[in-house]
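This report refers to the structure that appears directly beneath it.
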Amino acid sequence: MGEVAKLTFNGKTIDLPVIEGTEHEKGIDLAKLRSETGLITYDPGYMNSGACQSSITYIDGEAGILRYRGYPIEELAERSNFLEVSWLLLNGELPAKGALDGFAQDLRMHSMLHEDMKAFFNAFPKNAHPMAVGAAVVNAMSTFYQDSSDPSNPEHVRISTIRLLAKMPTIAAYCYKHSKGQPFIYPNNRLDYCSNFLHMMFATPCDEYVVDPAVARALDVLLILHADHEQNCSTSTVRMVGSSLANLFASISAGVAALWGPRHGGANQAVIEMLEEIAAEGISGKTFLEKCKDKNDTRRLMGFGHRVYKNYDPRAKIIKTVCMDVLSRMKRSSRLLDIAMELEGVALKDEYFVTRKLYPNVDFYSGIIYQAIGIPTDMFTVLFAMGRLPGWIAQWQELQKDPTNKIGRPRQIYTGATKRAYSPMDKR
Ligand code: CMC
């Protein structure tokens, strides 16, 4: 028998098995806790709870390490591309050339949306947030592909995976085109994944959009960096919905909704809005940080802090470099980048941020790049969703194949009224 943890309660001691991962992190297996003691665990925000065993992504938050399927994020960002990383996440290994070419071809074949879906976009108000539209359209895919939505059928899962990855950039660009009142631009299958997205965003029927390969590559790196991040809020949501055996589209749509919030993916939009506010008010970084530290002020330094990283987020390091490269290539200076760097410099020396181990996260610099390449602020989180998609799908697929897969159903400690009699209206 391996290691055990002992729990004593009401005079009875039970042994709880300790499980160990390949990177030697340990967890207590609580499967028998309730049946043997009557107790449940209480862990708001799941600060200490592992919900699954997973072989997709490894994070060491203390050391600032992130690896997909064992490959360091730095190496993937430098040498790989988003489609290859998507394959890696989904299949566990880097693809051979033929497999990658076949995958890219499959994605090209499925990049168009069903024509009837266009009407669906047009039903939304022009000022609708694109995350709301995106979540709705992804969910609506369940209505267009009803014949291939069985989570237990491998061919249904394969084709739904291809459809989602292929159509997500088209959905994202259509959200934007609708908000601008411009005609939708069909995908161009001669272009690579990111160039095609930029084409659908910025071309019009009257004007071709010439994609700058450096911009397409910067976007590709951003998508790689966002592609998976183990059991974060949106991924856990995708798994939770998937655990009820809801189809892949419904599960991913729920993930898009979870990502939207400013504590999660919505932070990239919130960062730019914060930087713009500082620029407009003309206050110093130091003065703004005082507001973020003040417990009577609800403001936080957006793009800073992380549940898992207690060190510099390795993705933020890469994004900062890409950000400076893109701006210098475009010969653009950015007041917002200057403010961000000032905030970072002051925060990393400030006792409040140092003692709480708050560092820049993935969202701190990404918006400055998106802004430089012309992406509107409310589309930033949609780009996060485009990047996170292969991770969500890989995690959903892993869950469906997991023999221990059960419906996600936490318990609670009830704190409401105890039993009481119904009182008629005239007695209240
Ligand atoms: N600014 C000011 N104070 C902060 C910040 C911040 N950005 N983040 C955490 N703190 C403080 C917090 O007030 C608390 O202080 P105290 O111990 O005195 O009460 C302490 O640091 C711990 O914070 P927490 O909220 O308990 O930590 P958490 O793990 O529950 O939250 C977080 C993590 C990411 C939600 C939080 O750091 C935050 O709100 N950051 C700003 C939003 C943001 O950038 N989100 C993107 C996260 S990375 C990408 C992603 O997940 O999508």
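One-based numbering, in listed order, for ligands and for the atoms of each. Fair warning: this is a prediction, and the values are worked out from it, not measured in the lab.
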**OP:** Apply ring pair (Phe, Tyr, Trp, His ring centres under 6.0 Å) to Tyr309 and list each qualifying residue two or more places apart in sequence or on a separate chain.
**Re:** His229, His306

**OP:** Tell me, yes or no, whether the heavy-atom count around Arg34 atom CZ, taken from other residues, nucleotides or ligands under 6.0 Å, exceeds 12.
**Re:** no

**OP:** For the residue pair Glu398 and Ser55, confirm or rule out a side-chain donor-acceptor distance under 3.5 Å.
**Re:** yes

Original post:
Can you pull the side-chain hydrogen bond (donor to acceptor under 3.5 Å, both in side chains) pairs that have at least one residue in residues 131-140, sequence neighbours excluded?
Top reply: none

Original post:
How would you list all residue pairs meeting ring pair (Phe, Tyr, Trp, His ring centres under 6.0 Å) that involve residues 375-412, not counting sequence neighbours?
Top reply: His226-Phe384, Tyr370-Phe380

Subject >> Asp294/Lys291 ion pair, N-O < 4.0 Å >> reply: no

**OP:** Quick one, list the residues around ligand 1 where some non-hydrogen atom comes in under 4.0 Å, by chain and residue number.
**Re:** Pro262, Arg263, His264, Gly265, Ala267, Cys292, Lys295, Arg300, Leu301, Met302, Gly303, Phe304, Gly305, His306, Arg307, Tyr352, Arg356, Leu358, Asn361, Val362, Asp363, Phe384

